[in-house]
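To start, the structure itself, in structure tokens.
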Amino acid sequence: MILATPFSPMVPTNNNIQTTTHHHHLLHLLNQCSTISQLKQIHAHTLRTTTTVHPHTLFLHTRILHFSSLHDLNYTLRFFNTHIQYPNSFVYNTVIRAFARSSDRKHEAILFYLKMLCDGNVVPDKHTFPFVLKACAYLFALEEGKQLHAQVVKLGFASDVYVNNSLIHLYGSCGSLEDARNVFDEMPERSVVSWNVMIDALVQLNEFDEALVCFREMQESFEADGFAIQSVLRACAGLGALSLGMWVHAYVLKKCSPEVAGDVLVNNYLLDMYCKCGSLETAEFVFERMVKHDVTSWNTMIHGLANHGKVVEALEYFRRMVDEERLMPNSITFSGVLSACRHSGMVDKGRNYFTIMTTHYGIEPVLEHYGCLVDLLARAGLISEALDVVCSMPIKPDVVIWRSILDACSKRTVGIEISEEMAKKIMETEEGSKLSGGYVLLSRVYAAARKWDEVGAVRKLMDDKGVAKEPGCSTIEIDGVAHEFFAGDTSLSRI
DNA sequence: ATAGGGTTAG
């Protein structure tokens, strides 16, 4: 603990040096200090040489709050409590901002805002809201956010661009699209950020078409920047809208700055878009032309190739990543690698990758990894080995895992008892009891065993519980036209 | 002093 010593109380002395130059000197020192001990020295010096009456002192204290908050929030809080007698809104904002920026104490931004309200001598200003709203957005604190919105209106900041952008962001993060839209529609003035944040809210809530409409509208008043591009690429990926994605790609190359065109993030989204739209050659082309690859670039390619059954290629990307680039794969890398193995039924390789993931790379397997392994084993008919994995794993198995075992059971002659056991496990989980998958699989097992009475019983159980088969739905673009189709839908089969 | 990228995993 660096800061064990309590602060000495502020004792104004008669021979203080109270010149502006002196304060400037202290400020200069503060701007240069990078460690807590330096900060403490300057603070001690400040105590000896200044008093609270000087108007510059509060400003100086605010700087101390700000700088200390970058190192130690407890110090900031203690400093606030011990030395600042009459805080103004600037002081409160500084502390709120510090909490909002922190990684694990964001909720204290809201608490400090409350403290500000309770102070009685100070009123929030237009800078206060972006800070505290940011914390709310991160915490999905919709109710608190709405109350803040009311205060914004009450205090007369309802037309401030910054405040409104923060509100849109908040409502977007909390999934409250209507509220986000309302703020966006009502605001008297919009910046690029307003559009970006609105588009991003739509994309995040899977309103891809709406997002694209918004994007087109935006271009009447602003040039799209890197932020907008990323959101739109995500929308294209979600829709499988290849032509628009290619248009965005061209736009990036022609109209955006070299920084945006070369940005790893933007390029990763391009990769993902091409993969999701099924244009893997283009994805590979873009990948090879990127100046820099990060883990995500590699992961995106591995997943994209694996999902399209290009297993050899996917594993080759993994090999290049670790052998040639010496990059550290992460949890997501292995979920791609394992899913590649699963797609091609490579049991030995899959087991092997699973092992090196934990032993060589020290990555803790999560449910996704176990799911892949179990599915791989079950599909290969190694039901008992799959069950061994499920029983020995430290995480509670979910519906997906039980379902992949049951699915494997239904495809071969495995004892009915084991299948029934599996179905029971699926129904026990909350999602499993509401979705049709488990029931359908169980009836398939009975059907395979020609136990028609049981098939009927399962159907009846589904009716009684009101479980409906939910159709799978997807979209694909063919010759520039987007087609939406459902599972079992044969309208596109002639193409 | 104030707004926006948490990318990739069914």
Side-chain angles (χ1 to χ4, degrees), chain A residues 59 62-63 65-66 69 88-98 100-101 103 124-134 137-138 152 157 160-170 172-173 183-184 187 189-201 203-204 225-234 237-238 260 263-273 275-276 283 287 293-307 317 321 329-340 342 365-369 371-372 375 398-400 403-404 437 472 474:
Chain A
F59 185 69
T62 312
R63 300 307 288 167
L65 285 174
H66 175 68
S69 78
N88 58 11
S89 61
F90 200 129
V91 170
Y92 276 107
N93 292 351
T94 304
V95 180
I96 292 171
R97 172 170 65 159
R101 278 181 174 179
S103 57
D125 61 24
K126 62 176 181 173
H127 296 280
T128 314
F129 292 101
F131 298 138
V132 66
L133 285 170
K134 190 198 190 98
Y138 186 91
V152 164
F157 303 120
D160 185 86
V161 185
Y162 284 78
V163 174
N164 279 314
N165 292 347
S166 298
L167 282 168
I168 298 170
H169 177 62
L170 163 89
S173 317
V183 175
F184 183 76
M187 62 197 288
E189 186 198 336
R190 290 177 194 145
S191 66
V192 188
V193 178
S194 320
W195 288 94
N196 286 347
V197 84
M198 188 64 224
I199 292 170
D200 201 61
V203 172
Q204 226 161 353
D225 61 7
F227 290 96
I229 296 294
Q230 286 170 50
S231 304
V232 173
L233 283 173
R234 268 167 65 199
V260 172
D263 183 46
V264 189
L265 230 78
V266 168
N267 279 282
N268 287 348
Y269 276 113
L270 274 173
L271 296 179
D272 190 48
M273 182 275 292
C275 284
K276 294 263 164 70
F287 183 89
H293 301 121
D294 62 7
V295 187
T296 307
S297 322
W298 292 96
N299 289 353
T300 305
M301 290 309 294
I302 293 170
H303 275 281
L305 291 162
N307 287 338
Y317 269 87
M321 173 187 181
N330 61 19
S331 178
I332 297 166
T333 317
F334 278 99
S335 92
V337 168
L338 290 171
S339 106
R342 163 168 61 169
V366 295
L367 208 55
E368 243 108 27
H369 301 122
C372 262
D375 197 51
D398 65 344
V399 219
V400 183
R403 210 189 276 175
S404 58
S474 187

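These figures come from a predicted structure and were not determined experimentally. So that the names make sense, note that chain A is the first sequence line, chain B the second, and so on, each numbered from 1.
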Holding to side chain to side chain donor-acceptor pair (under 3.5 Å), I want the full list of residues that pass it with A/Ser89, two or more places apart in sequence or in another chain. A/Asp125

Looking at every strand, decide which applies to A/Asn93 at a 4.0 Å heavy-atom threshold: base, sugar-phosphate, or nothing. base

For A/Ser231, report the nucleic acid contact type (base, sugar-phosphate, nothing); a contact means any heavy atom under 4.0 Å. nothing

Classify the nucleic acid contact of A/Phe129 as base, sugar-phosphate or nothing, counting any heavy atom under 4.0 Å across all strands shown. nothing

Using a heavy-atom cut-off of 4.0 Å across all strands, would you classify A/Val197 as base, sugar-phosphate, or nothing? sugar-phosphate

For A/Phe131, all residues meeting ring pair (Phe, Tyr, Trp, His ring centres under 6.0 Å), sequence neighbours excluded: none

Please determine, by modelled atom types, if A/Thr333 and A/Asn330 share a side-chain donor-acceptor pair under 3.5 angstrom. yes

Under 4.0 Å, heavy atoms only, any strand: does A/Asn330 hit a base, just the sugar-phosphate, or nothing? nothing

Pairing residues for A/Phe227 by the ring pair (Phe, Tyr, Trp, His ring centres under 6.0 Å) criterion, not counting sequence neighbours: none

Looking across every strand, which nucleic acid part, if any, lies under 4.0 Å from A/Asp125 by heavy atom: base, sugar-phosphate, or nothing? base

Can you name the ring pair (Phe, Tyr, Trp, His ring centres under 6.0 Å) partners of A/His293, sequence neighbours left out? A/Phe287, A/Trp298

Check every strand shown and say whether A/Lys134 touches a base, only sugar-phosphate, or nothing at a heavy-atom separation below 4.0 Å. sugar-phosphate

Categorize A/Ser166 for me: base, sugar-phosphate, or nothing, with a 4.0 angstrom heavy-atom threshold over every strand shown. sugar-phosphate

Contacted region of DNA chain B by chain A, from 5' end to 3' end of the hits, cut-off under 4.0 Å to heavy atoms, spans B/dA1 to B/dG10

Any residue meeting side chain to side chain donor-acceptor pair (under 3.5 Å) with A/Tyr269, in chain and number order, not counting sequence neighbours: none

Categorize A/Asn267 for me: base, sugar-phosphate, or nothing, with a 4.0 angstrom heavy-atom threshold over every strand shown. nothing

